[in-house]
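To keep things clear, I will list the structure first and then write my remarks on it.
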Protein chains: 2
Amino acid sequence: MRVTIKDIAKYCGVSSGTVDRALNNRPGIKEKTKQKVLQAAKDLKYRPDFTARSLVKGRTMTLGIVLFDLYNRSYAQLLTAVELKAREYGYFLYIALTDKDMENEKQCIEYLANHKVDGIILFSVNKGTEFEEYLHGFSIPIITIFNFLSADWEYVGIPERAAMKNGVSHIIDKGYKQFIYISPPLKYKGITNIYTQEERLQGFLEALASNDLKEAEIIRHNDYLDYLEKINFRQRERTAIICSCDLYALEVMRFLKTKGYSIPLDVGIMGFDNIDVLKYVTPALTTIEYPVEAIGDKAVESLVHKIEKGSYITKENTELSYRFIAGESI
Amino acid sequence: MRVTIKDIAKYCGVSSGTVDRALNNRPGIKEKTKQKVLQAAKDLKYRPDFTARSLVKGRTMTLGIVLFDLYNRSYAQLLTAVELKAREYGYFLYIALTDKDMENEKQCIEYLANHKVDGIILFSVNKGTEFEEYLHGFSIPIITIFNFLSADWEYVGIPERAAMKNGVSHIIDKGYKQFIYISPPLKYKGITNIYTQEERLQGFLEALASNDLKEAEIIRHNDYLDYLEKINFRQRERTAIICSCDLYALEVMRFLKTKGYSIPLDVGIMGFDNIDVLKYVTPALTTIEYPVEAIGDKAVESLVHKIEKGSYITKENTELSYRFIAGESI
């Protein structure tokens with residue numbers, strides 16, 4: 001049998017109202033009585049009934065997070081940070097993975113709404129006014145991360161464009177004049193939300209333009225290794241391969257090693273993300289680091305502030321810092 | 001305003017009971033009426049009120065998963081599988097991370113119980129009769145994974161001992177006679193639940209015993225690199241370093257490379273887990289693979305069966321297969 005407030009009241013010889021005051025830390029109760037009630041609750045193994053309480057309070061003390069997947073290390077690091085921070089605030093976390101599928105994402109959001117989460121952290125694969133109207137229809141606080149939707153929505157991320165521009169400028173300073181840019185998600189341009197990828201590409205192009213370099217080869221599909229296969233890197237000016245994520249850079253590096261190329265003597269490689277497994281890879285990958293855990297922390301802090309105090313903390317869209325990591329691969 | 005069953009009834013000109021029958025797929029309603037109601041629900045953007053419904057049904061349609069963290073790639077792979085499988089069954093997933101802290105784990109479990117999850121998947125850091133009594137007190141279906149508790153609890157995992165014994169036997173066949181075994185979690189023996197690690201150690205020792213080899217050096221602390229630092233691997237018989245997880249093996253490999261050792265010519269290394277990032281590491285790490293996604297799938301299937309039909313499917317403890325992966329590191 002589940003222990004109720006009435007059981008504690010009977011056990012202590014006080015009223016149910018007194019027990020309620022003690023358990024919910026409300027005034028109108030002597031400290032001694034309060035301690036007695038709390039001890040009794042502990043002894044009787046009382047557990048508050050959140051489902052019933054949430055109906056009264058109008059809150060479920062739960063947050064939802066919608067992510068693509070956990071294959072990219074960055075997302076696992078982000079999720080860990082969000083879970084810890086949410087629980088610190090007393091909120092529990094629902095996780096929903098979309099696998100970058102637009103319909104799936106909608107189902108995830110509806111599921112979360114149906115389970116009455118108090119707020120949602122959204123790394124969106126959808127975009128556009130229709131989708132935004134759809135989101136507004138839920139009347140649930142939402143914070144977007146990484147993939148920007150519009151100024152209508154709170155956002156936490158990094159200045160993707162400036163970060164990539166900064167990184168590529170470092171590479172240009174090393175004397176590279178030939179560039180290949182690899183970003184398979186760009187094939188979804190105009191279809192899904194690839195904000196971060198579009199910004200990174202713009203940063204790359206801006207760095208080239210600032211240095212009077214002509215446009216590079218830009219690979220927008222998954223067959224980038226086939227593309228590289230056709231190139232003899234020893235017979236052309238030394239080339240820098242800029243990858244929009246570390247995962248592509250690792251694939252490229254592995255491929256070029258099997259082809260017998262020396263990195264960075266024959267060809268240079270740069271990634272983006274600084275995922276934690278890079279430390280085991282040689283040569284060390286040159287990349288861009290950003291505080292992925294801080295993005296999770298900020299998103300939770302602002303969302304909880306909105307739920308409990310009515311306003312986001314991230315009034316201006318919050319963009320966090322980044323750092324160029326000079327490895328040995330370029 | 002939230003659309004209710006009454007709104008749909010009014011819209012269709014039927015009773016609330018009819019709408020309820022249509023939405024919950026119950027008999028006693030004509031197919032034509034049912035389709036009309038379902039279409040109306042869609043048009044009006046009706047969303048079922050799960051919180052209210054769960055009070056009636058006595059179910060919340062939620063599962064909880066308790067894991068250490070997501071730093072180990074295996075756990076992220078497992079979580080992805082569990083989330084997808086749970087949603088396939090219509091359940092939503094709460095995630096709670098313990099960071100291997102025993103008190104934290106209890107808090108996580110209480111939180112999940114307070115939120116009335118219908119079942120819990122538990123990768124436990126606690127163990128012992130007191131903890132098991134504590135778990136029984138919740139009267140919630142629980143499936144344990146990886147770290148076995150006792151025969152009282154459903155379990156899904158792999159035969160850790162046989163898997164390690166098999167792997168080490170392959171290494172012995174290659175002629176190695178000197179062994180160093182690295183497993184820092186063993187320092188928690190007798191304190192926390194390190195079932196998988198103890199089993200792996202036993203598998204290692206059994207492989208040695210089967211081959212009349214004397215006991216190896218066993219490192220049970222985090223300073224294993226300091227220990228290796230003192231050894232000149234070129235001045236002793238060729239040594240095999242067996243690591244109880246890939247993550248330790250990757251650290252060892254990185255360290256020995258910086259010391260100028262050639263792997264496997266000077267020293268051999270074997271890991272365990274076959275985490276997905278291994279493909280980017282050279283030389284390819286020799287390791288043991290097991291179906292981590294299948295462990296997640298099985299756990300969810302059995303738990304949902306217990307919740308909905310009263311019995312687990314994993315009546316006998318479910319142990320899945322493993323495979324020795326011959327890399328180039330040993």
Side-chain angles (χ1 to χ4, degrees), chain A residues 2 45 47-55 60-62 64-65 69-73 75-80 82-84 87 90 92-97 99 104 107-108 110-117 134 137-139 247 249-251 253-254 257 275-282 285, chain B residues 2 45 47-55 60-62 64-65 69-73 75-80 82-84 87 90 92-97 99 104 107-108 110-117 134 137-139 247 249-251 253-254 257 275-282 285:
Chain A
R2 193 179 186 99
K45 293 183 183 172
R47 292 197 303 277
D49 185 341
F50 280 95
T51 311
R53 270 176 72 187
S54 71
L55 283 177
T60 54
M61 299 304 287
T62 56
I65 184 165
D69 55 56
L70 299 172
Y71 291 114
N72 190 329
R73 277 299 294 155
Y75 305 161
Q77 290 170 250
L78 173 85
L79 179 59
T80 304
V82 167
E83 198 277 338
L84 291 176
R87 197 138 41 86
F92 238 46
L93 188 68
Y94 277 115
I95 169 173
L97 304 176
D99 203 23
N104 205 354
Q107 277 181 26
C108 285
E110 280 172 41
Y111 230 100
L112 291 170
N114 288 339
H115 281 79
K116 292 194 177 165
V117 293
Y134 168 83
F138 291 105
S139 305
L247 282 177
L250 289 175
E251 286 289 337
M253 194 187 282
R254 179 169 71 140
K257 275 185 190 171
I275 52 178
D276 54 10
V277 296
L278 290 190
K279 61 181 171 176
Y280 303 119
V281 177
T282 47
L285 185 67
Chain B
R2 193 180 185 99
K45 293 183 182 172
R47 293 198 303 278
D49 185 340
F50 280 95
T51 310
R53 270 177 69 186
S54 71
L55 283 177
T60 55
M61 299 304 289
T62 56
I65 184 165
D69 54 57
L70 298 173
Y71 291 114
N72 190 330
R73 278 300 293 156
Y75 305 160
Q77 290 171 249
L78 173 85
L79 179 59
T80 303
V82 167
E83 198 279 336
L84 292 176
R87 198 137 43 84
F92 238 44
L93 189 68
Y94 278 114
I95 169 174
L97 305 176
D99 204 21
N104 206 354
Q107 278 181 27
C108 285
E110 279 173 41
Y111 232 98
L112 291 170
N114 288 339
H115 282 80
K116 292 193 176 166
V117 293
Y134 168 84
F138 291 107
S139 306
L247 282 176
L250 289 175
E251 286 290 336
M253 194 187 281
R254 179 169 70 140
K257 275 186 192 170
I275 52 177
D276 54 10
V277 296
L278 290 189
K279 61 181 173 177
Y280 304 119
V281 177
T282 49
L285 185 67

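Naming convention: chains lettered A, B, ... in sequence-line order (proteins, then strands); numbering from 1 in each chain.
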Pairwise side-chain contact, A:Leu84 with B:Asp99, heavy-atom cut-off 4.5 Å (strictly under): no

Using a 4.5 angstrom heavy-atom cutoff, name the option from B:Val277, B:Thr80, B:Leu97 with the most pairs to chain A. B:Leu97

Pick whichever of B:Met253, B:Gln77, B:Arg73, B:Gln107 has the most heavy-atom pairs under 4.5 Å with chain A. B:Arg73

Segment of A:Ser139 engaging chain B (4.5 angstrom heavy-atom cut-off): neither

Counterpart residues, salt bridge (Lys or Arg N to Asp or Glu O under 4.0 Å), relative to B:Asp69 (two or more places apart): none

Between B:Lys257 and chain A, which part of the residue has a heavy atom less than 4.5 Å away: side chain, backbone, both or neither? side chain

Heavy-atom distance under 4.5 Å to chain A: side chain of B:Tyr71, backbone, both or neither? both

Given that the side chain runs from C-beta out, which part of B:Leu112 has a heavy atom under 4.5 Å from chain A: side chain, backbone, both or neither? both

Could you check if a side-chain atom of B:Arg87 sits within less than 4.5 angstrom of a side-chain atom of A:Asn104, using non-hydrogen atoms only? yes

Determine the interplanar angle of the A:Tyr111 and A:His115 rings, folded into 0 to 90°, and report it as parallel if under 30°, tilted if 30 to 60°, perpendicular if over 60°. parallel

My understanding is that only residues two or more places apart in sequence, or in another chain, count here; which of them pass side chain to side chain donor-acceptor pair (under 3.5 Å) with A:Tyr280? B:Glu251

